[in-house]
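First the structure, in the form of structure tokens, and then the observations on it.
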Amino acid sequence: MTFANRVTQLLGVDVPILQAPMGYIAKPRLVAAVSDAGAMGLVPGSLGVDEVREDIRRTRDLTDKPFGVNLPLAFVKDPAIVDMIVEEGVRFVTTSAGSPTAHTPRLKEAGLTVFHVVPSLRGAQKAIEAGVDGLVVEGSEGAGFKAPREVSSMVLLPLVAAQVGVPIVAAGGIADGRSMAAAFALGAEGVQMGTRMVATEESPVHRNMKDAVVAAAETDTMLINKHNGKQVRVLRTEATAPFEIATEGDPMALLGNIHGLYRDGDLNASLAQLGQVAGRIGRVEPVAEIIRRTVAEFEETLGGLAKRYLEDA
């Protein structure tokens with residue numbers, strides 16, 4: 001299937017699928033594999049200027065296809081990272097976890113395409129005012145840090161799509177062609193996959209983490225840290241379960257041992273940030289196969305709906 005919409009045109013890709021820029025997970029081998037498959041790989045920009053520069057260069061050594069960088073604004077340690085991204089010739093940036101006004105003018109002035117991640121209609125409107133080229137609209141069923149007032153993709157996507165004129169990438173709950181088709185029906189022109197990309201052959205995390213994705217039921221994630229105003233969706237484990245209904249304590253302290261989880265495979269060492277869609281992921285696979293099958297299933301789903309429900313189809 002050939003895609004030709006605003007997302008593919010703006011990003012210069014064949015397939016309007018983005019890989020979520022997961023810190024410590026979206027390393028060059030995974031990012032390059034996504035881009036090589038015709039989609040858009042994203043380097044996470046939360047790990048410091050030098051490490052992000054190295055990841056950009058290593059990714060470029062592995063692929064000649066387009067890839068981008070994410071700037072999680074609340075976690076950017078050095079604003080010089082913006083100049084470095086421009087100097088390295090990156091053409092696409094997503095910004096998240098902060099005000100879209102922070103770096104959008106500088107990035108746009110340098111000729112980059114900028115999408116901002118939003119969890120609400122108000123956030124989308126503010127991003128449009130800041131001059132972004134597009135939005136990543138993120139439902140609360142997705143992994144990681146979430147807005148204090150959660151809204152699912154089923155509600156958020158059509159709400160935002162009805163109010164803005166820029167292209168939308170849907171995030172949260174996307175793992176295959178059926179969920180991609182649903183997102184397009186709700187107003188998206190692209191999708192972003194996070195949890196699905198954790199359970200890939202190219203993902204650098206320990207096999208225990210990948211197997212945890214495959215083993216998870218749709219009810220095995222939860223939102224914690226609500227009492228601190230910075231809730232995060234994680235896998236329910238022995239370490240995280242006590243925080244499910246907690247009104248005190250700081251589960252974020254577990255992030256200090258993130259390598260114990262991703263590198264050593266101890267699921268209780270840190271916060272395993274997974275989305276509810278883990279319950280729909282049945283095996284660890286190569287990135288290229290996931291994207292190939294997603295596109296095929298997307299086309300089959302659209303055609304199947306037309307044949308099933310339209311008399312003249």
Worksheet item: Have S203 and T200 got a donor and an acceptor in their side chains that come within less than 3.5 Å?
Response: no
Practice prompt. Tell me, yes or no, whether the heavy-atom count around M252 atom CE, taken from other residues, nucleotides or ligands under 6.0 Å, exceeds 12.
Written response: yes
Worksheet entry | Test side chain to side chain contact (heavy atoms under 4.5 Å, CB included) applied to K126 and T101, step by step | CA-CA 9 Å; K126 290 173 64 177; T101 62; over 6 Å; no
Worksheet entry | Salt bridge present between R53 and D50 (N-O < 4.0 angstrom) | yes
Discussion item. What I'd like to find out is whether the side chain of T8 reaches to under 4.5 Å of the side chain of D14, using heavy atoms alone.
Written reply: no
Item to complete: Show your reasoning for whether salt bridge (Lys or Arg N to Asp or Glu O under 4.0 Å) applies to D176 and R196.
Response: CA-CA 9 Å; D176 56 13; R196 172 66 274 192; over 6 Å; no
Worksheet item: Heavy-atom distance under 4.5 Å between the side chains of F115 and L11, does that happen here?
Response: yes
Discussion item. When you compare the side chain of V287 with that of M197, does any pair of heavy atoms fall below 4.5 Å?
Written reply: yes
Item to complete: Evaluate the ring planes of F298 and F184, with Trp represented by its six-membered ring, and classify them as parallel (under 30°), tilted (30 to 60°) or perpendicular (over 60°).
Response: perpendicular
Item to complete: Answer yes or no: is there a donor N or O on one side and an acceptor on the other, between the side chain of D264 and the main chain of D266, under 3.5 Å?
Response: no
Worksheet item: Which pair of heavy atoms, one from V118 and one from L156, lies closest together, and at what distance?
Response: O-CD2, 4.2 Å
Worksheet entry | Ion pair check, E88 and R60, cut-off under 4.0 Å | yes
Practice prompt. Could you tell me whether K146 and E138 have a side-chain N and a carboxylate O separated by less than 4.0 Å?
Written response: yes
Worksheet item: Are K27 and E51 within salt-bridge range, i.e. N to O under 4.0 Å?
Response: yes
Practice prompt. Could you point out which residue of I85, L18, L10, V13 forms a side chain to side chain contact (heavy atoms under 4.5 Å, CB included) with F92?
Written response: L18
